[in-house]
Amino acid sequence: MTEAIRLDSSGGQLAGFRIGVTSDRRSGDLIDALERRGASVFHAPALKIAPIAEDVELLADTAAMVSARPDLFLITTAYGMRRWFEAADAAGLGDDLLEVLGAGRIYVRGPKARGAVRAAGLDDVGISSDETTATLVDELLQQDLSGLTIGVQLHAYADAHQLERLRASGATLLTVTPYRWIKPEGSERLPRLIDAVCAGQLDCVTFTSAPAVDALFSTAAEQGLEEELIQRFRRSVLAAAVGPVTAQPLIDAGIDPIVPERFRMGALIRLVCDHLAEHHVEQLRTRSGYVEVRGRSVRVDEVQVDLAPAQLVLFKALLSARGAVLSRDALTGLLAHTGAGHALDMNVNRLRKSLPDPGLVETVVKRGYRLHV
C-alpha cells in the first residue's frame, strides 16, 4: 500500500533545492533571497551590461535623436531610460534630450518604464497592457504613423519584428540602445551550470533577461549539449523567467517556463518557492518508513541521507515510480551524464549502503529495480 504524506522540513521553504542563477546585474539580491529561504545556489552569470563609458555608439545615437526631434517615443525599460540620461548628461546632451522628449508623445512598455519617465519630469500618453513591446506596437498601429519619426529606446534585446512593423506603417525609426550585453567575469561557470542541468543536479534555473537564455543555449551548442539541455528543462528541471520577454526564447525551444503575474524579482522568488514546494517534492510511505525528497535533500523516516549525484538521480527516479519496476536500460540511461557511465550495479550498491534500510531498493530479477513500498 502506498500513501502520499507530508514531512516537516527545516531550513526554509527552499531547503534541499539547488537553483541556478544566470543573471549578473542584481544577482546578489536574488542569490541572498534564495539562500535565506534555504536553497543552495549555483551562480553562473551568462552576460553583463557593458560599461557606459565604452559605448560611443550610444552617444552618437543620442545626438541623432536630439537632432531629429521625433514625434513619438517608445520607452521600454526603466533601467535603459536612466542609463540613457546618464550618458546624455555626461556628453552635455542631457538638457537637450529632456527638451526633445518633452516635446514628443511618450509611450511606455510598463509601470517601471513609466516611473522612470515621470522621475525625469516627463509624462507618457500610453502604456502596454501586458508589459510587452508587441502590445505597445499594436496600440501605436491603430494610429496613422505615416511620415512620423519615432524614437525607440531598446532594451539590449531588440525585437526586430516589432521594429519592422513600425517601419512598414510608413514611420521613420531612430533607435538608441542604452545598454549592451558582453561576457562577464565568471562566465566560465556557465558550461558547468549546463553540465549540472544535464546531470540532473539542479532543480531550477532562473532567468532575468532573454539574452541570458540565448547565451545559455549557444554555450550548450558549443559543448554539444543543447538538445540534452532542452530535454532536461522539458522533463525535470524548472525554468523560471521574470517576464514574457525573458520567457520567449525558452518557449521557442519547447520549454514551458513559469512566469510570475507581476514581472518583478520578488514575484519571481515567491513563484519559484511555491512551485518547487508544490511540484518538486516527492513523498511516499514505504516499508522503511516515510520517504521525502526535496531537491537534493533525502530523508527516510526522519533520517537525513546524503547521496552522491549519481545515487540521487537513481533514487529520485525510483521514488517517482512509486514502487513500479524501472528497467536496467532506463536507469543506465539516467546515469549517462553523471560520469557514472554504465556502472549501474555499482551505483545501486552504493545507494543501498547510504540508506538506513538497504532493503528499500529491491532487485527484480531480469527486469530492474524498484522501491519496496
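All values below were derived from every heavy atom in this structure, side-chain atoms included, with hydrogens, water molecules and symmetry-related copies excluded. Here the structure is a predicted model, which means the values were calculated and not measured. Index from 1, following the sequence.
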| Pairs satisfying side chain to side chain donor-acceptor pair (under 3.5 Å), at least one member in residues 102-111, at least two apart | Arg105-Gln143, Tyr107-Gln143, Arg109-His155
| said: Please tell me whether Leu93 and Phe73 are part of a single hydrophobic cluster in this structure, the criterion being side-chain heavy atoms less than 4.5 Å apart. | reply: no
| said: So if I apply the side-chain contact (heavy atoms from CB on, under 4.5 Å) rule between Ile106 and each of Leu72, Leu74, Ile75, Asp123, which one comes out positive? | reply: Ile75
| message | Heavy-atom count check: over 12 atoms from other residues, nucleotides or ligands less than 6.0 Å from Arg350 CZ? | response | no
| query | Quick one: ring pair (Phe, Tyr, Trp, His ring centres under 6.0 Å) partners of His43, sequence neighbours excluded? | reply | none
| task | Please determine which of Thr175, Asp61, Thr77 meets the side-chain contact (heavy atoms from CB on, under 4.5 Å) test together with Leu154. | result | Thr175
| request: State whether the number of non-hydrogen atoms from other residues, nucleotides or ligands found under 6.0 Å of Asp89 atom CG is greater than 12. | output: yes
| Are Leu173 and Leu141 in one and the same hydrophobic cluster, where Ile, Leu, Val, Met, Phe, Trp and Tyr link if side-chain heavy atoms are under 4.5 Å apart? | yes
| query | Do the side chains of Val325 and Leu331 join up, straight or via other hydrophobic residues, at under 4.5 Å, putting them in one cluster? | reply | no
| task | Using the test salt bridge (Lys or Arg N to Asp or Glu O under 4.0 Å), find all partners of Glu99 that sit at least two apart in sequence or belong to another chain. | result | Arg69
| said: Checking side-chain polar atoms at under 3.5 Å, does Gln153 have a donor or acceptor matched by the opposite partner on Thr76? | reply: yes
| Got a sec, which residues hit side chain to side chain donor-acceptor pair (under 3.5 Å) with Asp252, two or more places apart in sequence or on another chain? | Gln248
| request: Can you establish whether the number of heavy atoms outside Asp130 located under 6.0 Å from its atom CG is more than 12? | output: yes
| query | So, does Arg232 use its side chain to make a donor-acceptor pair with the main chain of Cys198 at under 3.5 Å? | reply | yes
| same_hphob_cluster(Ile150, Val125) at 4.5 Å side-chain heavy-atom cutoff | yes
| field | Sequence-distant partners of Arg270, salt bridge (Lys or Arg N to Asp or Glu O under 4.0 Å), two or more places apart | value | none
| message | Is the shortest side-chain heavy-atom distance between Leu250 and Phe217 below 4.5 Å? | response | yes
| request: Say whether Leu229 and Ile251 are linked into one hydrophobic cluster, either directly or through other cluster members, by side-chain heavy-atom distances under 4.5 angstrom. | output: no
| field | Residue list, ring pair (Phe, Tyr, Trp, His ring centres under 6.0 Å) with Tyr79, at least two apart or on another chain | value | Tyr179
